[in-house]
Amino acid sequence: MNRRRNNTAVAKLQDALLRFYREQGRDLPWRRTRDPYAIWVSEVMLQQTRVETAVPRFAGFLRRFPSVRALASARERAVCEAWAGLGYYRRARNLYRAARLMVQELAGRMPGDEAALRRLPGIGAYTAAAVASIAFGERTAAVDGNVVRVLARVFALPGRASAPGLVRTVRAQAQLLVDCGQPGDVNQALMDVGATVCRREAPLCPSCPLGRWCRARREGNPTAYPGRKAKLARPILRIAFAWCQRGPALLLERRPLEGLWPGLWELPSASGPRAKHELGRRLGQAAGPRLARVAHELTHRHVVASVYRATTARRPGQKWWRDPLAAPLSSLARKAIVAVTGDSDR
DNA sequence: CAATCGTGGCT
DNA sequence: TAGCCAAGATT
């Protein structure tokens, strides 16, 4: 057996990750440098920010502030201006503060290990590990949202993405994986897999370098990991709509200006557990047979609406519409009308 | 643990 | 379409 790389599951995962990174890793500007300062800047830019957003701003920022000293001798205002469009301006101010600390206490040099990096403003657990591993080859796991998702799936780990227990377990697993000759590449490989293959929605499992060992994939439910915040049970809102047709025209009613769907038009309606009964009372006649039933999701309610045939005269606030789908309808009313007519134009 | 901080893209 | 969320850190 090979002494350098024993034949464990960890070694297989490492090989798969490094191979993926070599062959399919993204070509990003900060991967073309070994300058710790540039790598630090890129990591801060990437905090809660999409790669596509950071890429076009990276070179410009470095051109303007090419080194720790250049950054430290700038004005804070200038740094924030160069940060424009990236958001979270506290990151720019912390970057600046950290650069000044490096000049004052470290002769303008970047701290060379994770622990020292971690003490600087704006450098948390993730960024410290990322810079230490990528720029200095330190064997430490950089656990970001991607890594949590990827390893939660590979090992079918329970818990929400923000749960400290899950993050701790992921970090322990990731730590085993980075314990090799190219820790920075393993960290970035995990992030690349997360960003391009093991996506939050619609993961591309057949193309995944870790697919052979992935428990979530074997279970057939990769998107179940990491767990999501339990959606609070949404109460059911029952609505009864009246379908009053006269020739080609349909009777619609405008909703009040406050509350749900303010000012929009819909079929004459009633709501509540006995919505149909209530609708009959409003119409002055019992509602007829059900023509359709549609479901609709709101943020805090699950709506079930039934459409009943009815005949009635126009009342205040109501209007006959020859082309009801042209009315400013609530999305639910539109859905209900389409369900009855089978017409999905417009 | 939860709120806050920004912007842009996606559904 | 309006809400959700992304290479997190800080309080």
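Below, all heavy atoms of this structure are taken into account, side chains as well, without hydrogens, waters or symmetry copies. Nothing here was measured: the structure is a model prediction, and the numbers come from that model. First the proteins, then the strands, lettered A, B, ... as listed; each starts at 1.
- Spacing between atom CD of A:Glu52 and atom C1' of B:dC10 amounts to 11 Å, rounded to whole angstrom units.
- Judged by atom type and distance alone, A:Thr49 reaches the base of B:dG6 through a side-chain donor-acceptor pair under 3.5 Å.
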Atom pairs and distances, side-chain donor-acceptor, residues 164-173 of chain A, under 3.5 Å, sequence neighbours left out:
from: A:Thr169; atom 1: OG1; to: A:Gly165; atom 2: O; distance (Å): 3.0

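- A gap of 15 Å separates the P atoms of B:dA2 and C:dC5, to the nearest Å.
- Between A:Phe61 and A:Trp83, the distance separating the two ring centers is shorter than 6.0 angstrom.
- When the nearest nucleotides of DNA chain C are assigned to A:Asp144 and A:Leu120 by heavy-atom distance, the more 5′-ward of the two goes with A:Asp144.
- If you take CG of A:Asn146 and C1' of C:dG8, they are 12 Å apart, rounded to a whole angstrom.
- Residue A:Leu190 is classed as having no contact, given no heavy-atom separation below 4.0 Å to the nucleic acid.
- Where A:Pro121 and A:Ser42 meet DNA chain C, the nucleotide closest to each residue was compared, and A:Ser42 sits on the side nearer the 5' end.
- When each of A:Arg91, A:Gln47, A:Glu43 is checked for a side chain to side chain donor-acceptor pair (under 3.5 Å) with A:Thr127, only A:Gln47 meets the rule.
- Of all the residues in residues 78-93 of chain A, A:Tyr88, A:Arg90 reach under 4.0 Å from DNA chain C with at least one non-hydrogen atom.
- When hydrophobic clusters are built by joining Ile, Leu, Val, Met, Phe, Trp and Tyr residues whose side-chain heavy atoms come closer than 4.5 Å, directly or via intermediates, A:Tyr21 is not grouped with A:Val131.
- Residue contacts for A:Arg26: at a heavy-atom cut-off of 4.0 Å it reaches a base atom on one of the strands shown.
- Along DNA chain B, the nucleotide nearest to A:Glu201 and the one nearest to A:Gln48 differ in position, and the one closer to the 5' end is contacted by A:Gln48.
- Residue A:Val294 is not grouped with residue A:Tyr308 when hydrophobic side chains (ILVMFWY) are merged at heavy-atom distances under 4.5 angstrom, including chains of intermediate members.
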Would you please test A:Phe58 and A:Trp30 for ring-ring contact (aromatic ring centres under 6.0 Å, His included) and show each step?
CA-CA 8 Å; A:Phe58 176 71; A:Trp30 43 87; 5.4 Å; yes

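- Distances were taken from every side-chain heavy atom of A:Arg50 (C-beta onward) to each of B:dC1, C:dC5, C:dA9; the shortest belongs to C:dC5.
- Spacing of P atoms, C:dA2 relative to B:dC5, comes out at 22 Å, to the nearest Å.
- Between A:Thr127 and C:dA9 there is a side-chain N or O to OP1 or OP2 distance below 4.0 Å.
- A:Ala125 comes within contact range of the sugar-phosphate backbone alone, with a heavy-atom separation under 4.0 Å but no base atom that close.
- The CG atom of A:Leu166 sits 12 Å away from the P atom of B:dC1 (whole-angstrom rounding).
- Residue contacts for A:Arg97: at a heavy-atom cut-off of 4.0 Å it reaches no nucleic acid atom on any strand shown.
- Rounded to an integer number of Å, the gap from CZ of A:Arg199 to C1' of B:dG9 is 14 Å.
- Straight-line distance between the P atoms of B:dT4 and C:dC4: roughly 15 Å, to the nearest whole Å.
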